[in-house]
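Structure first, then comments.
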Amino acid sequence: MTEHVEHEAAAATDRGSYDFEAIQAKWRPVWDKLDPFKARDDGSAERRYALTMYPYPSGDLHMGHGEVFALHDVLARFWFQQGYDVLNPVGWDSFGLPAENAAIRRNEHPATYTYANIETQANSIRRYAISFDWSRRLHTSDPDYYRWTQWLFLRFYERGLAYRKASYVNWCPNDQTVLANEQVVQGACERCGAAVTKRELTQWYFKITEYAQRLLDDMDALEGRWPDDILLMQRNWIGRSEGAFVDFEVDGQPEPIKVFTTRPDTLFGSTFMVVAPDSRLADVLCAPAQREEFAAYLDRVKGETDVDRLSTEREKTGVFLGVHATNPANGERIQVWAADYVLADYGTGAIMAVPGQDHRDWEFAEKFALPIVRTVEPEEGFEGDAYVGPGPAINSANDEVSLNGLEVEAAKSTIIEWLVGKGLGERTINFRLRDWLLSRQRFWGCPIPIIHCASCGEVPVPDDQLPVELPDLRGADLAPKGVSPLAAATDWVNVDCPKCGGAATRDTDTMDTFVDSSWYFLRYLSPDYDKGPFDPEAANRWMPAYHYVGGKEHAVLHLLYARFFVKVLHDLGMLDATEPFARLLNQGQVINQGKSMSKSLGNGVDLGEQLDNFGIDAVRVTMVFAGPPSDDIDWADMTPGGSLRFLQRAWRLSGEVSSPAGGDPSSGDVSLRKATHKTVHEATALIESYRFNVMVARIMELVNATRKAVDSGCGPADPAVREAVETVAILLSLVAPYTAEDMWANLGHEPTVAKAGWPAVDEALLVEDSVTAVVQVAGKVRDRLDVSPGISESELEQLALASATVQRALDGRGVRTVIVRAPKLVNIVPA
RNA sequence: GCCAGAGUGGUGGAACGGCAGACACGCCGGCUUUAGGUGCCGGUGCCCCCUGGGCGUGAGGGUUCGAGUCCCUCCUCUGGCACCA
């Protein structure tokens, strides 16, 4: 490194200008022709199913798509480079409310609007150069697709997993449709934000609760492969709790009333009982004298939105039902109340209230002057109302059993044993998860393939009559009215009963779009299969998907539903897999100035504009380089211009290489070769651990090192320079496919760099000649030594002690201990 | 309220318990210039008595030869759940 060779001539002639528009225009048609990303599915290599959440066709692609596709493509292209048989499909989630609402506003048919958007997005995705296999493209609103959604519904129906029931359901007054529990966020409609109210309606449900335990158990295998927070959110949502059913005799009732409790140990402290006002039970129990008051209360409860109900500081309300129950443990007569803090659809819709040990019950007891008894001794110094902590039971004994002195867990076991012996209760498990309400009163969705017949009841549409196609309501008024717009299509609604041939009507509801998305990843595997929703053999070759990339907003919606579907399909014998997605990555959001982009804030950033200004590769590099994939990207802090400059620096190198293609790099400059091989080695590990931003930094470092080698080192003719630049092109192909392809061509290669193969690492080149050993005195760095990586501990210790700066820092003090971590560190502890 | 996760330069972010701030952006200085969103070189955590030294990863404590990293308490922020008995 003593000589500084200048290569100004080469620099002056070869530094052309980097024109991203020309490069994009040059390579897009070449790739379209080569179609390099088609899954082979021929057993020639290990299969890897790289899945990304399919887009919803609202307008053109936005910044969020730009991010999720860029991140997903790093992984997919990495696996292509490594030689896997990668399946990377794309499709559209093309049914749904937003398209319908937009179509109504524009006075168009939802199909017109939807399919136009799909074309726009498809063109944008092609331009964005994601490594998709386009031959498997699907749209969930195609009759060829939803035919099989209906077919699956019927299989669920046959198994009793799809059923209809009447209950109070979430109703969005704005969208004029029911919502699943999962679609209500803090009392508001997840889509439009309107306050959700309750309506009593007969609706279709999937019995996902039957799979609650399996949905919980199978998460153990996803540990470490799915983000921890998603697993936690799903566990919380499923909400398993262990407890007991306890029977309470109620005056005038032939059968006892069952309550669910997680604290059976506090039974002696149950001083009243509460039932949900909107449950059948409340109606049955209510005494005639209280009927009027109860009816008024029920009306009031029904009129309240969830937003009102959930408002903090809300006072407890309720009415006495005029009847008494008997506490089975101590024989006390206790009042039975109806109050809306008890939910009709959790447990049995009735609780034993224990104000001494439950905050809600305490509050209610205080407000209505009901008795309070403590049954757990509070800790020393406890001041407050209900005590929910640990402690020995008190006031809890009858002639047959005493819990007094027992800690909570022992008391639970003891009382349950007693209850079971008396036939008054049993140990049980309850889940927070509710059945999935799937019917919607809107037009643009998959029709429910059921016919209602006055004499036969619910009759499934025979498989050979599928699909039940949506009627062409072109020109009709699709505006929401509270009943499905399909009801207006009388020609379509009125049919002959498939069973008895009599007059019957079609079900006019459509399915939640989450039904469509619960199995789309299976349709990709055999998109033209016509004997079922998917070819079981193809499915078993590819499932479970190796990797899934998508947004966190689907943590408990889509991901839970898809897991449920796959388990049911497994039980139906159609699929070996029991889980759909073996690995999951949640990307963060693209925000602007600290806030998520929205029309109302006017802070939206247009993806197309960014692409026009900086080029596709620079925008993709910016997305990937911004930070860890799961962090949000604040676009206001991003500098795509910097990414563009980096790409230009990398690209320019490809025009300066002056050694011939196909040469042997082994005679090349060793230090540059080491940098190259180290970069590949590190990049591989970084991709596998999702640290894509650091991988880009490593590529930048290699570009910088190569620049130096060309300008003032070994010069452009050294084969190590060619090796380095070819490596940069291949690594860069994961993030900046256009630039990488053009570099590859400049280097004298045929397209496509995307299939060039991941560079092999020469282990011998990973060994450093010398490393810097840090010498600390009392933990502070005092000197640095260049040593051989193989240096022995004693040798390093001697060198460290001999250092002048170390001796100065010791300042005459003796040495107590020396910690040596050869070859990197010595820490000398003075006496 | 409950449950998670996170706090590092002017900014985005790096850092197997072992050199804090890699790589960028921005800024400063210089060189080029076929001139001005795009080249090249150098500098850039803070402070001081500046060939050196001190301080520094939200605050405080602890473990350790050694802590951004592990443990405890607190503060702040983000996300999830929110009367689930």
Side-chain angles (χ1 to χ4, degrees), chain A residues 11 15 17-20 185-187 227-237 239 241 243 259-263 266 270 274 306 309-310 312 314 316 339-343 345-354 357-361 363-364 430-434 552 555-556 613-614 618 621-622 625-628 630-649 652 691 693-701 703-704 707 711-712 772-784 805 808 816-821 824-830:
Chain A
R15 282 176 196 177
S17 67
Y18 171 83
D19 180 347
F20 64 77
V185 179
Q186 302 194 339
D228 290 343
D229 55 343
I230 300 297
L231 292 174
L232 184 72
M233 280 161 73
Q234 290 219 357
R235 287 200 173 97
N236 290 342
W237 192 263
S241 56
V259 304
F260 173 72
T261 177
T262 55
R263 292 296 302 275
T266 65
S270 178
V274 187
D306 275 11
R309 280 194 64 173
L310 298 176
T312 48
R314 182 170 181 270
K316 290 269 182 293
D340 67 356
Y341 81 94
V342 172
L343 307 174
D345 54 357
Y346 183 76
T348 61
I351 63 156
M352 58 179 234
V354 187
Q357 267 71 232
D358 184 285
H359 294 291
R360 301 154 298 183
D361 297 343
E363 210 186 309
F364 193 82
N430 221 323
F431 293 94
R432 219 190 73 127
L433 183 70
R434 309 296 153 85
K552 211 174 173 174
V556 288
N613 288 344
F614 302 103
V621 166
T622 305
F625 185 58
S630 49
D631 286 7
D632 287 349
I633 298 174
D634 193 331
W635 201 252
D637 295 329
M638 291 302 120
T639 50
S643 305
L644 181 59
R645 285 200 297 273
F646 158 63
L647 289 172
Q648 180 175 228
R649 281 198 295 274
R652 215 171 43 227
R691 281 144 63 205
N693 56 325
V694 184
M695 174 201 62
V696 173
R698 295 290 172 266
I699 303 174
M700 288 172 170
E701 286 174 304
V703 167
N704 293 343
R707 175 84 265 148
D711 288 349
S712 55
T772 304
V774 172
V775 185
Q776 301 177 327
V777 175
K780 290 195 158 85
V781 180
R782 296 297 172 178
D783 201 3
R784 293 179 172 83
T805 50
R808 182 146 33 91
R816 195 173 64 188
T817 333
V818 181
I819 313 283
V820 186
R821 294 284 178 273
K824 301 194 70 168
L825 178 128
V826 180
N827 187 13
I828 298 162
V829 187

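Chain letters run A, B, ... following the sequence lines, proteins first, then strands; residues in each count from 1. No experiment lies behind these values; they were computed from the predicted model shown.
- Put simply, Tyr341(A) has no side-chain N or O that comes within less than 4.0 Å of OP1 or OP2 on A85(B).
- The shortest distance between the side-chain N/O atoms of Arg652(A) and the OP1/OP2 oxygens of C40(B) is below 4.0 Å.
- Between the P atoms of U78(B) and G30(B), the separation comes to 44 Å (whole Å).
- Nucleotides A24(B) and C75(B) place their C1' atoms 32 Å apart, quoted to the nearest Å.
- More than 90° away from 0 lies the glycosidic angle of G7(B), which makes this nucleotide anti.
- Val774(A) comes within contact range of at least one nucleobase, with a heavy-atom separation under 4.0 Å.
- C2(B) and G10(B) have their P atoms separated by 35 Å, given to the nearest Å.
- Using a 4.0 Å heavy-atom cutoff across all strands shown, Leu644(A) reaches no nucleic acid atom at all.
- Side-chain nitrogen and oxygen atoms of Arg691(A) include at least one within less than 4.0 Å of the OP1 or OP2 phosphate oxygen of A15(B).
- Nucleic acid contact class of Arg816(A) (heavy atoms, under 4.0 Å, all strands): none.
- Val621(A) is not listed as a side-chain neighbour of Phe614(A), based on a closest heavy-atom distance of 4.5 Å or more.
- Within 4.0 Å of Ser643(A), counting heavy atoms only, lies no atom of the nucleic acid at all.
- The side chain of Asn827(A) places no N or O atom within less than 4.0 Å of a non-bridging phosphate oxygen (OP1 or OP2) of G18(B).
- Within 4.0 Å (heavy atoms only), Phe431(A) reaches no atom of the nucleic acid at all.
- At a cut-off of 3.5 angstrom, counting only N and O atoms as typed in the model, there is no donor on one side facing an acceptor on the other between the side-chain of Lys824(A) and the base of C19(B).
- Here Arg432(A) reaches the OP1 or OP2 of A82(B): one of its side-chain N or O atoms lies under 4.0 Å away.
- Residue Arg645(A) is classed as a sugar-phosphate contact, given heavy-atom separations below 4.0 Å to backbone atoms only.
- Note on Glu363(A): nothing from the nucleic acid sits closer than 4.0 angstrom, heavy atoms only.
- Between Asn236(A) and C2(B) there is no side-chain polar atom (N or O) within less than 4.0 angstrom of OP1 or OP2.
- Summarising the base pairing, C55(B) is matched to G45(B) through a Watson-Crick or G-U wobble pair whose two defining distances lie under 3.5 Å.
- Look at C50(B): its glycosidic torsion is within 90° of 0, and that puts it in the syn range.
- The residue Lys780(A) sits close only to the backbone: its heavy atoms come under 4.0 Å of sugar-phosphate atoms, none of a base.
- At the heavy-atom level, Arg808(A) lies under 4.0 Å from the strands shown only through sugar-phosphate atoms.
- Among G66(B), A20(B), G39(B), the nucleotide with an atom closest to any side-chain atom of Val781(A) is A20(B).
- Between Asp229(A) and Lys552(A) a salt bridge is recorded (basic side-chain N to carboxylate O distance below 4.0 Å).
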